Amino acid sequence: MSLLRAWIDSANDPATDFPLNNLPCGVFSIGPQEPRCGMAIGDFVLDLTALEHEGLIDLPGGPYLDLPFWNEVMEAGPQVWAALREQVTALLREGAPQRSETEPHLIPRRDLTLHMPFLVSEYTDFYAGKHHAVNVGTMLRGAENALPPNWLHIPIGYNGRASSVVVSGTAVRRPWGQVKGPDQTTPAFQPSRRFDIELEMGAVVGQSSTHGQPVTVEEADAMIFGYVLLNDWSARDIQGWEYQPLGPFQAKATATTISPWIVMKAALEPFRTSTPTRELPLLPYLHEPRPMLYDIILEVALAPQGTAETVIARTNYKEMYYSAPQQLAHHTTSGCAMNVGDLLGSGTISGPEKGNRGSLMELSWAGNEPFAVTGGTRSFIEDNDTLTLRGHAQGNGFRIGFGDCSGQVIPALADPYARNK
Ligand code: CA
């Protein structure tokens, strides 16, 4: 597949995240105006709410774009998703006859504020990257017991909190929590000293499933609307004390940051790839009928306040052992219903080499091997550091990107229970 040329020059730049092939879905506002739906194209956002209002976009069963989130479009289903892409492509491609009517609805991206692109109905986080699971398991339990006995059979996950999902650019306050080190006899309540990131992809569920009715991997793939970058902020010291036996709780509940753009599955279609070779056979309900992972190049950058950023990790989504459709199919085996707006975190995406590790805990090996950043070293996040995830699929002369997934960690409250009078 090659670049689809648009009449917007910046959309034809091979370095843009947002060529006409991409058309990712976001929500934006200008100044005090109400937020509205748009798609990123080159250096601009196309105001879809206005285009639908003016009849330049006319979707079967619509309107869908009159609310400041994408859930209605998602719920409308794959035929509407395809019709939307087809109509927007026709408006923007080189030589499009409606250029003069469309052009007034392009807004420079630098002039606007981006918001959460969809209402998150529920959030589930998985632990499906093998390199990450082996690294963390080795640190916690030793190399012999690194992978739990179920790991090669089940995409392990836990139910997180939709209320904690925030859009890129939202500041993240260092949390307080209960911690107890191995040398301490009693726990303490204090600000987390081992605050961390997790480099993940998020799958956005666009179609619901029926309570009591499991779905196949193929059906699960069809239910997914698109993907976002996802940083699952994690307090390792809180996690280490609380996680047995029910898994993470408050360690993961501070915030989960997503990129402002949902890249639709159709834009990623040319980059489908298979999950890695199975080390043990999976039960039939988890078999992938065709490639369901994507070749997406990922990186993490850390910038201390007022200092240039350093790229601290590079990896690829194709390192995941389980794909999002496998995770979604597994999620429904109990009869659990999935809803429009469900968000699935992939689990941390690390690769085989040290520079491929998708968390600071792995990069610094639990703090024992601090790594260099501009102006110093890091083991875990320090106050006022900004962490940014980036990702793109590389096509022939174009790329499909997600925009930055970024957040600054601000200092913990002096007293979390102090109340203003
Ligand atoms: Ca996670």
Side-chain angles (χ1 to χ4, degrees), residues 120 122-140 146-148 150-151 154-168 170 172 175 177 192 194-205 227-244 246-259 293 296 298 300 312-313 315-317 319-324 326-328 330-331 342-351 356-364 366 380-381 387-389 391 402 405-407 409:
V120 181
E122 300 197 55
Y123 166 48
T124 307
D125 190 33
F126 287 86
Y127 187 59
K130 181 157 179 264
H131 300 292
H132 172 72
V134 168
N135 286 338
V136 171
T138 301
M139 282 182 260
L140 294 179
L147 274 189
N150 55 6
W151 201 92
I154 296 178
I156 305 173
Y158 67 94
N159 290 305
R161 292 289 301 176
S163 62
S164 64
V165 183
V166 298
V167 73
S168 177
T170 306
V172 175
S192 171
R194 295 192 156 208
F195 201 51
D196 197 357
I197 57 155
E198 291 192 331
L199 166 61
E200 305 191 26
M201 296 292 300
V204 181
V205 175
Y227 290 82
V228 291
L229 298 175
L230 185 150
N231 178 2
D232 192 34
W233 303 93
S234 299
R236 302 297 179 196
D237 39 3
I238 299 170
Q239 186 178 357
W241 172 230
E242 75 175 2
Y243 88 105
Q244 301 187 70
L246 286 184
F249 185 42
Q250 292 306 289
K252 306 282 191 165
T254 298
T256 297
T257 302
I258 62 169
S259 57
L293 206 54
I296 298 172
L298 299 165
V300 181
I312 58 174
T315 181
N316 194 300
Y317 185 39
E319 297 287 353
M320 298 309 294
Y321 193 78
Y322 296 99
S323 65
Q326 286 176 309
Q327 294 172 330
L328 181 52
H330 181 69
H331 208 318
D342 253 302
L343 175 65
L344 307 186
S346 60
T348 308
I349 308 164
S350 293
N356 307 144
R357 295 172 182 169
S359 68
L360 274 60
M361 182 181 184
E362 293 166 86
L363 287 164
S364 71
F380 292 93
I381 301 170
L387 278 297
T388 302
L389 315 185
F402 292 79
C405 175
S406 192
V409 173

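Index from 1, following the sequence. From a predicted model like this one, the values you see are computed outputs, not experimental measurements. Order of appearance sets the numbers: ligands from 1, and atoms from 1 within every ligand.
- Atom CG of Asp237 and atom CZ of Phe380 lie 8.0 Å apart (nearest 0.5 Å).
- Here Glu198 contributes OE1 and Asp232 contributes OD2, and at the Ca ion (ligand 1) these two atoms make an angle of 90°, given to 10°.
- His131 has its side chain out of reach of Glu362: every pair of non-hydrogen atoms, C-beta onward, lies at least 4.5 Å apart.
- Within 6.0 Å of OH on Tyr243 lie more than 12 heavy atoms contributed by other residues, nucleotides or ligands.
- Interatomic distance, CG of Leu293 versus OH of Tyr317, reported as 5.5 Å (0.5 Å rounding).
- Nearest to the Ca ion (ligand 1), among the N, O or S atoms that Asp125 has, is OD2.
- For Glu200, the N, O or S atom with the smallest separation from the Ca ion (ligand 1) is OE2.
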